[in-house]
Amino acid sequence: MSRNRSQEPGGDTEPVDRDEGPSKSRLKAEALELRDLGQALAALPEADRAALDLPDALRESIDRYNAIRKHGAKKRELQFLGKQMRRIDPAPIRAAVEAREAGSKADAATLHRVERWRERLIEDDAAVTAFIEEHPDCDVQQLRSLVRAARREGGAEAPEKRHGKNYRTLFKFLRRHLD
């Protein structure tokens, strides 16, 4: 007799309809997802974690995980952290982690935008005019002065030398107006 068949009185075999829930591979995938979410939660700053309503056991597990430095022990503690994550609703934690990542991506995009403006301003006088038109509230005299000083520090022929004080000051000026 096979495992999945039951014997009928007439000798015929029929498949048994077993609704056993999710498969073992699906359960494992969910456990791995929760473990990764727990790791992302542990990577959040303390202030962000404090804003979440986490059970004390989970907070203690996160603290232990962050305190451990040895690879094997950290891996074991991560497994335990994943087990703790299975006992709570992951939706608010997932939302907090995604919000933090979205903020980081937005910050990175802003920095890249500032860097592109700085490069354009140093390379081309028309870019200075374009920036002034887009941002009429900026101090035009200071902008032109910073651009001239940054050009003197390095110039187009020596881009590796452009990282002087005025180059950084121009970046700060642009970031203040582009934020």
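In this text the structure is predicted, and so the values were computed from the model without any measurement.
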Problem - Stepwise side-chain contact (heavy atoms from CB on, under 4.5 Å) check, Arg152 with Arg148 - result: CA-CA 6 Å; Arg152 276 194 307 268; Arg148 276 193 307 271; 4.1 Å; yes
Practice task
Please assess Asp125 against Val147 for the test side-chain contact (heavy atoms from CB on, under 4.5 Å), listing each intermediate value before the final yes or no.
Solution key: CA-CA 9 Å; Asp125 286 329; Val147 169; 5.6 Å; no
Exercise for the section: Evaluate the criterion side-chain contact (heavy atoms from CB on, under 4.5 Å) for residue pair Leu143 and Leu170; output intermediate values, then yes/no. Expected result: CA-CA 8 Å; Leu143 174 66; Leu170 177 60; 4.0 Å; yes
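Side-chain contact between Leu81 and Arg64: absent, with no pair of heavy atoms (C-beta onward) separated by less than 4.5 Å. When side chains are defined from C-beta on, Arg113 does not count as touching Leu174, because their heavy atoms never get closer than 4.5 Å. Residues Asp137 and His135 are in side-chain contact: their nearest non-hydrogen atoms beyond the backbone lie under 4.5 Å apart.
Minimum heavy-atom separation, Pro90 to Leu34: CB-CD2, 3.7 Å. Of all heavy-atom pairs spanning Ile88 and Pro55, the tightest one is CG2-CG, 3.5 Å. Between Arg120 and Ala130, the shortest heavy-atom contact is NH2-CB, 4.3 Å.
The backbone N or O of Ala57 sits nowhere less than 3.5 Å from a side-chain atom of Ser61 that would complete a donor-acceptor pair. Not a single donor-acceptor pair under 3.5 Å links the side chain of Lys74 to the backbone N or O of Arg69. Panel note: side chain Arg151, backbone Ile122; a donor-acceptor pair is recorded below 3.5 Å. One N or O on the side chain of Thr169 and one on the backbone of Lys165 form a donor-acceptor pair closer than 3.5 Å. When atom types are taken as modelled, the side chain of Asn66 and the backbone of Ala42 share a donor-acceptor pair closer than 3.5 angstrom. Checking side-chain atoms of Glu153 against main-chain N and O of Asn166 turns up a donor-acceptor pair under 3.5 Å.
Electrostatic pairing of Arg94 and Glu33 counts as a salt bridge here, judged by a charged N lying under 4.0 Å from a carboxylate O. Note on Lys105 versus Glu101: no salt bridge recorded, every NZ/NE/NH1/NH2 to OD/OE distance being 4.0 Å or above. Under a 4.0 Å N-O distance rule, the pair Glu46/Arg49 qualifies as a salt bridge.
In this pair, Trp117 and Phe131 present their aromatic rings perpendicular. The plane angle is above 60°, beyond the 30 to 60° band.
Each of Glu60, Gln39, Glu77 was scored for a side chain to side chain donor-acceptor pair (under 3.5 Å) with Tyr65, with one residue passing: Gln39.
The distance from atom CG of Asp53 to atom CD1 of Ile93, rounded to the nearest 0.5 Å, is 9.5 Å. Of the inter-residue distances, the one linking Arg175 atom CZ with Leu111 atom CG reads 6.5 Å to the nearest 0.5 angstrom. The distance from atom CD1 of Ile62 to atom CG of Leu41, rounded to the nearest 0.5 Å, is 3.5 Å. In this structure, Arg35 CZ and Gln79 CD are separated by 5.0 Å, a value rounded to the nearest 0.5 Å. Within the model, atoms CZ of Phe171 and CG of Leu146 stand 13.5 Å from one another, a figure rounded to the nearest 0.5 Å. Atom CD of Glu30 and atom CZ of Arg86 lie 10.0 Å apart (nearest 0.5 Å).
Hydrophobic clustering of Ile, Leu, Val, Met, Phe, Trp and Tyr side chains at less than 4.5 Å, counting indirect connections, keeps Leu32 apart from Phe80. When the side chains of ILVMFWY residues are joined at heavy-atom separations under 4.5 Å, either directly or via intervening members, Leu78 and Leu27 end up in two distinct hydrophobic clusters.
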